[in-house]
Q: 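Take this structure, written in structure tokens, and hold onto it; I'll ask about it next.
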4 protein chains.
Amino acid sequence: MIVVMKDGATKDQIEKVQSTIIEIGYKHHIIKGVLKSVIGVVGDDRGKLNHLERLSLLEGVEKVVPIVQPFKLASREIHNETSVLNVGDVEVGNKKIPVIAGPCSVENEQQMLETARAVKAAGASMLRGGAFKPRTSPYTFQGLGEDGLKLLKEVGNEFDLPIVTEIMDPGDIDILEKYADVLQIGARNAQNYSLLKLVGKSKLPVLLKRGMSTTISEFLMCAEYILSEGNDNVMLCERGIRTFETATRNTFDLNAIPVLKEKTHLPIFADPSHGTGYWQYVTPMTLAAIAAGADGLVIEVHNNPELAISDGAQSLKPKKFAQLMKKAAPVAKAVGREI
Amino acid sequence: MIVVMKDGATKDQIEKVQSTIIEIGYKHHIIKGVLKSVIGVVGDDRGKLNHLERLSLLEGVEKVVPIVQPFKLASREIHNETSVLNVGDVEVGNKKIPVIAGPCSVENEQQMLETARAVKAAGASMLRGGAFKPRTSPYTFQGLGEDGLKLLKEVGNEFDLPIVTEIMDPGDIDILEKYADVLQIGARNAQNYSLLKLVGKSKLPVLLKRGMSTTISEFLMCAEYILSEGNDNVMLCERGIRTFETATRNTFDLNAIPVLKEKTHLPIFADPSHGTGYWQYVTPMTLAAIAAGADGLVIEVHNNPELAISDGAQSLKPKKFAQLMKKAAPVAKAVGREI
Amino acid sequence: MIVVMKDGATKDQIEKVQSTIIEIGYKHHIIKGVLKSVIGVVGDDRGKLNHLERLSLLEGVEKVVPIVQPFKLASREIHNETSVLNVGDVEVGNKKIPVIAGPCSVENEQQMLETARAVKAAGASMLRGGAFKPRTSPYTFQGLGEDGLKLLKEVGNEFDLPIVTEIMDPGDIDILEKYADVLQIGARNAQNYSLLKLVGKSKLPVLLKRGMSTTISEFLMCAEYILSEGNDNVMLCERGIRTFETATRNTFDLNAIPVLKEKTHLPIFADPSHGTGYWQYVTPMTLAAIAAGADGLVIEVHNNPELAISDGAQSLKPKKFAQLMKKAAPVAKAVGREI
Amino acid sequence: MIVVMKDGATKDQIEKVQSTIIEIGYKHHIIKGVLKSVIGVVGDDRGKLNHLERLSLLEGVEKVVPIVQPFKLASREIHNETSVLNVGDVEVGNKKIPVIAGPCSVENEQQMLETARAVKAAGASMLRGGAFKPRTSPYTFQGLGEDGLKLLKEVGNEFDLPIVTEIMDPGDIDILEKYADVLQIGARNAQNYSLLKLVGKSKLPVLLKRGMSTTISEFLMCAEYILSEGNDNVMLCERGIRTFETATRNTFDLNAIPVLKEKTHLPIFADPSHGTGYWQYVTPMTLAAIAAGADGLVIEVHNNPELAISDGAQSLKPKKFAQLMKKAAPVAKAVGREI
């Protein structure tokens with residue numbers, strides 16, 4: 001790290017910084033500038049953010065600049081290729097782009113059968129559906145719970161689609177491990193570190209959604225929480241951030257795809273349904289996500305969005321989803337991928 | 001709610017909307033405008049967001065505008081005065097502004113004793129300290145756990161200060177109920193609905209912090225989660241939102257205070273330490289929070305910030321805290337309060 | 001518009017609203033709801049925002065909701081196809097996607113010749129370069145002024161590339177009209193209404209960049225300023241908005257493309273160089289912009305970015321630009337376009 | 001500045017960076033770390049942002065970190081006390097907090113006379129009013145122009161109130177200098193550098209409003225544009241930034257006050273009317289601004305807000321303004337100021 005001293009920092013103040021660095025066990029070099037002095041500090045400061053803070057509070061110190069990125073296991077520096085992982089027979093992180101499709105919430109058998117049949121026919125690889133739902137209002141539908149999971153699993157089995165479903169409450173882990181093929185961490189829980197540690201101890205792959213105000217760097221630290229507990233099978237998912245713009249429900253941040261691909265080896269999904277919030281923008285933004293380099297897609301499909309209990313506005317009808325998949329194929333091919 | 005039809009919506013489309021409204025069980029009135037038709041819908045649509053969505057998806061509909069705010073129990077409409085609640089002997093929501101002070105993390109006995117003695121002497125009403133810490137990096141200090149709680153409680157008892165501490169994991173609720181006087185929900189868990197429901201079932205008062213990207217309206221829905229489970233003792237806390245500005249760690253949104261006071265009867269705290277992220281801005285922003293109408297304050301104080309394991313940069317030294325309390329008194333008086 | 005009355009609004013308050021509506025010259029219908037009354041107001045309220053405000057201030061009124069979008073000439077409602085316009089021989093708004101390429105600033109002859117030759121060879125349609133530069137610091141290079149324009153024009157002529165250059169100061173309009181083929185309004189001047197009116201009186205096409213914190217709806221009002229002065233040749237350009245994310249210089253908001261295509265007939269450009277701020281993200285985000293439906297592209301190219309006076313970090317070298325154009329062709333084809 | 005090399009940067013790459021630094025005319029020191037090498041660069045890099053960029057583009061370089069803040073004349077480092085300047089007989093930057101009050105737009109004589117009489121009686125020091133208005137829509141009232149200025153000046157003279165009015169178009173400078181006592185630069189023109197340079201050449205004091213997405217650091221650079229042209233009389237004004245929150249029209253960022261006071265000697269105003277956008281929040285946020293350390297206030301007052309052509313929702317009635325001034329006095333006193 002680099003310690004920048006204030007203009008006019010005294011000799012004593014500089015020496016105090018130097019002795020503190022030695023106390024921490026690091027080495028240092030001082031550079032006396034025209035306007036300011038800076039002290040270069042040598043030592044592995046990843047994960048030791050408190051050293052930074054401690055130095056930043058000494059008298060005469062203007063700021064402390066960290067040099068090394070704080071994530072290790074998620075970093076592309078230690079694993080140069082995109083990681084490939086398996087969800088049942090589905091390979092993630094390879095040339096073919098897997099599509100996770102299905103409704104926001106599991107509602108009933110007919111809904112799930114019709115939707116699953118349609119997305120399977122159109123080329124989806126996994127089935128999504130929520131049994132435990134994070135809803136803004138406590139007075140709205142909160143999900144079917146275990147009954148929903150059972151139904152999701154049965155329908156997934158029938159159409160040979162691994163199932164992806166959200167965990168909200170640590171107390172549900174046993175029940176979820178019984179049914180789910182992929183555990184999803186939703187945006188509102190992206191920085192729920194207790195939950196991240198818990199799924200880090202699971203053997204199931206995790207689909208980690210970016211939080212609404214999570215920076216890319218923090219997002220990688222969230223992944224690091226899971227990885228550091230021993231679960232290597234982490235898939236990241238961009239799903240929109242919160243900005244001042246209200247024409248879309250969120251601002252789907254496709255820039256995160258090339259940025260993440262530069263920094264991490266973890267495969268990166270994109271969710272244009274949550275990202276934009278309106279079904280009519282889902283198709284163009286799906287094509288854009290593929291062109292930007294997404295390794296996977298999450299798309300909400302509902303057999304009857306007008307009757308959906310949640311997120312109907314952003315759900316595609318089966319027919320529209322089939323059209324999307326047809327449009328996606330040549331774009332994927334144009335960037336050297338398949339869908 | 002109001003259904004706005006698109007320009008050129010057909011008679012059939014309008015009739016379909018009307019029949020759907022009747023199906024839902026609501027009444028309606030149609031207004032044919034110069035450019036557009038709109039349909040006024042009469043019925044209590046609080047908590048029935050899916051009706052809005054369902055109508056918004058019908059053909060010919062441009063948008064659906066809700067009229068009634070979705071929170072009920074938190075609303076000032078049903079309870080016109082600020083609610084007064086008790087934490088031990090401390091009254092919250094009344095003329096006197098209680099101050100919750102203490103370090104970010106419970107670290108050791110000396111730290112807690114020195115800090116507690118100092119904040120008590122300066123006029124603080126409650127003691128804060130984290131035993132379970134939400135840290136950005138999994139490689140940094142995660143809190144002392146139950147040992148930390150015990151220590152916090154002992155020190156609180158010694159100085160007759162009720163203690164405020166964060167719950168992160170639902171599995172910790174029993175242990176926390178054993179020691180804590182107030183359960184804090186941190187910003188990262190503001191929309192962790194499982195946790196909100198859980199503390200809603202507790203008898204302990206809850207200090208609910210606003211999430212980094214939580215709108216004021218959503219914040220009230222988070223409170224509603226707790227209230228709807230039967231726990232009336234909710235204190236809201238503004239602690240900064242995430243914006244483009246980086247000169248402060250967060251953008252401490254003091255506007256939330258008058259806005260919340262207009263909408264809810266719950267008492268409102270302000271946390272200038274997290275709100276700004278730098279100790280040198282804490283005093284002016286504390287005075288500003290009082291002037292804006294805050295019902296309580298949360299201020300980080302550490303006997304030795306240079307050695308703090310976390311959040312040292314935003315912690316006041318005991319002496320600075322005592323000065324702050326002295327400066328706060330005339331400002332509180334100037335707005336008809338005490339501190 | 002819709003006037004929503006507060007709970008418990010009195011008969012007198014409602015009558016006052018009704019009489020004010022009549023005074024304005026509009027018609028109204030009242031809807032008495034279970035919890036609130038609302039008053040539907042019939043009349044063309046586009047451009048009459050003060051009526052909204054006036055009503056919103058009457059006693060007993062909770063809020064006033066506008067129904068009609070405030071832009072007219074830019075609206076797709078009055079012109080259903082994307083507008084096609086000509087810049088010299090280059091057609092904008094049609095199947096072929098024109099690419100505006102070149103450096104941030106015009107610096108010298110060699111730079112311009114080398115860059116122009118390279119971008120022409122790779123397939124660019126227009127040449128960009130700034131002679132008047134909006135720089136964050138007054139102490140940095142402010143552009144070559146008229147000398148820069150002359151040079152840009154000469155080089156544009158030599159390679160048969162129409163030139164695109166920014167206007168910052170109304171006083172420069174005569175000089176710019178002498179040389180430029182397209183006037184660019186930069187992001188910092190997106191809501192400089194004096195300048196918008198001025199270019200609205202020009203006969204030159206205008207490339208209007210979105211401001212850093214301009215909503216899509218406001219962006220269309222900025223275009224409306226130009227259109228309402230009689231200049232129909234407006235091209236919109238998404239170039240990134242300001243958010244909390246710092247991994248990219250701006251958050252390039254590709255969602256704006258499908259949203260704008262739904263609302264306006266004006267052709268929409270995308271500028272991934274400013275949008276992301278780093279050359280290594282320009283190629284994937286260019287492909288994404290094409291897939292999302294962009295009608296044109298703006299890409300910074302510099303013959304020697306290491307020596308660029310401005311924006312070197314986001315400029316592509318000629319070789320990288322040629323590779324980008326090769327990668328772009330199949331993506332354009334995949335979405336039914338050409339480049 | 002500090003040049004951080006990538007992991008595994010080669011000897012050649014490091015030497016190329018070193019020779020480039022020498023070419024620029026700076027000195028350097030290299031620090032070889034455990035994971036990365038960093039190169040400390042000694043030289044005054046203020047205003048030479050292109051050196052940073054140039055180095056950042058060399059192969060093997062990960063990033064370049066500037067050390068010195070880029071503003072000079074605005075910096076508190078060169079002028080340790082808050083600058084005091086005079087507007088007519090009104091002193092700005094001293095113990096007494098001047099209040100600039102008046103309507104958004106100059107509309108007619110009665111409006112101006114009634115409003116000016118009232119604000120003068122309540123203790124305001126200057127009169128504001130717009131004659132040239134930046135309106136979101138080209139179809140709404142754009143201001144009375146010179147007639148408005150004349151009226152504003154006459155009324156200002158009658159009540160002995162210096163007048164503050166906005167300049168939007170450089171072409172209006174002569175006319176404005178004829179009437180105005182203070183030139184206001186509005187938020188939308190905060191980064192209109194042509195206009196900033198122009199008012200920098202004027203002898204009139206300038207009230208510079210922060211742009212909606214202008215960081216504090218950029219805001220100081222905007223002031224630097226004015227100062228560097230020779231006009232020392234710059235007053236900064238916080239008036240709200242754009243964030244995701246919609247309960248207020250902007251997010252009035254009071255944190256900017258202590259942050260700016262730390263960095264600059266220029267006096268700092270606060271505008272709670274634009275900052276919040278709703279009259280009912282203006283009084284508490286005015287008190288908060290005073291408590292936070294504001295050197296001046298800008299408050300919209302209109303004799304009849306229901307009939308205001310613009311910004312009625314955020315304007316106080318004269319009676320409310322008088323109450324505000326009464327409430328403000330003890331708060332000012334509590335923080336050692338007067339109003």
Side-chain angles (χ1 to χ4, degrees), chain C residues 20 46-50 53-58 70-72 132-142 168-172 187-198 200 211-215 218 221-222 224-225 227-229 241-242 279 305-313 315, chain D residues 20 46-50 53-58 70-72 132-142 168-172 187-198 200 211-215 218 221-222 224-225 227-229 241-242 279 305-313 315:
Chain C
T20 306
R46 292 179 302 188
K48 288 167 190 156
L49 299 174
N50 45 324
E53 276 205 350
R54 184 175 168 188
L55 289 168
S56 73
L57 286 163
L58 295 176
F71 48 88
K72 301 177 198 176
F132 303 101
K133 298 300 308 169
R135 305 300 304 278
T136 308
S137 167
Y139 307 123
T140 52
F141 179 63
Q142 307 275 314
M168 285 178 64
D169 192 320
D172 299 328
R188 287 173 188 78
N189 285 313
Q191 290 179 281
N192 177 344
Y193 300 126
S194 300
L195 198 61
L196 296 178
K197 285 184 186 173
L198 184 80
M212 272 183 277
S213 57
T214 305
T215 64
E218 288 169 345
M221 292 308 289
C222 297
E224 197 80 13
Y225 259 96
L227 295 167
S228 68
E229 294 288 339
I241 57 173
R242 187 155 269 185
W279 69 265
E306 288 88 346
L307 298 177
I309 292 179
S310 56
D311 279 355
S315 297
Chain D
T20 305
R46 291 181 300 189
K48 288 168 191 156
L49 298 173
N50 45 322
E53 275 205 350
R54 184 174 168 188
L55 289 168
S56 74
L57 286 164
L58 294 176
F71 47 88
K72 300 176 199 179
F132 302 101
K133 298 299 308 170
R135 304 298 305 276
T136 308
S137 166
Y139 307 123
T140 50
F141 179 62
Q142 308 277 314
M168 287 178 63
D169 193 321
D172 298 328
R188 288 173 186 78
N189 284 314
Q191 290 179 281
N192 178 346
Y193 300 125
S194 300
L195 197 61
L196 297 177
K197 285 183 186 173
L198 185 80
M212 271 182 278
S213 57
T214 304
T215 63
E218 288 169 346
M221 293 306 290
C222 297
E224 197 80 13
Y225 259 97
L227 296 167
S228 67
E229 295 288 338
I241 57 172
R242 187 156 270 186
W279 69 264
E306 289 87 346
L307 296 177
I309 292 180
S310 54
D311 281 355
S315 296

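In the text below, chain A, chain B and the rest are named by the order of the sequence lines, each starting its count at 1. The structure presented is a predicted model; accordingly, all values stated were derived computationally and were not measured.
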Q: Which pair of non-hydrogen atoms, one from D:M221 and one from C:T136, has the smallest distance, and what is that distance?
A: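 Here D:M221 and C:T136 meet closest at CB-O, 3.3 Å.
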Q: Using 0.5 Å steps for rounding, measure from the CG atom of C:L195 to the OG atom of D:S194.
A: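 If I round to the nearest 0.5 Å, the distance is 8.0 Å.
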Q: Would you mind checking which part of D:E229 comes under 4.5 Å of any heavy atom in chain C, side chain (CB onward), backbone (N, CA, C, O), both or neither?
A: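 No part of it gets close to chain C.
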Q: Which bit of D:T214 comes within less than 4.5 Å of chain C, counting heavy atoms only: side chain, backbone, both or neither?
A: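 For D:T214, the contact with chain C is made by the backbone alone.
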Q: State whether C:R188 and D:E218 are salt-bridged, where the test is any N-O pair (Lys NZ or Arg NE/NH1/NH2 against Asp/Glu carboxylate O) under 4.0 Å.
A: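 No, this pair does not count.
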Q: Can you name the nearest heavy-atom pair linking D:M168 to C:Y193, along with the distance?
A: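 Shortest heavy-atom separation between D:M168 and C:Y193 comes out as CE-CB, 4.0 Å.
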Q: Do you know which two heavy atoms are closest between D:R135 and C:Y225, and how far apart they sit?
A: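 Nearest heavy atoms, D:R135 then C:Y225: O-OH, 2.5 Å.
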Q: Between C:D169 and chain D, with a heavy-atom cut-off of 4.5 Å, which part of the residue counts as in contact: side chain, backbone, both or neither?
A: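 It is both, since atoms from each part get that close.
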Q: In terms of heavy-atom proximity below 4.5 Å to chain C, should D:N192 be classed as side chain, backbone, both, or neither?
A: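 Both the backbone and the side chain of D:N192 come within 4.5 Å of chain C.
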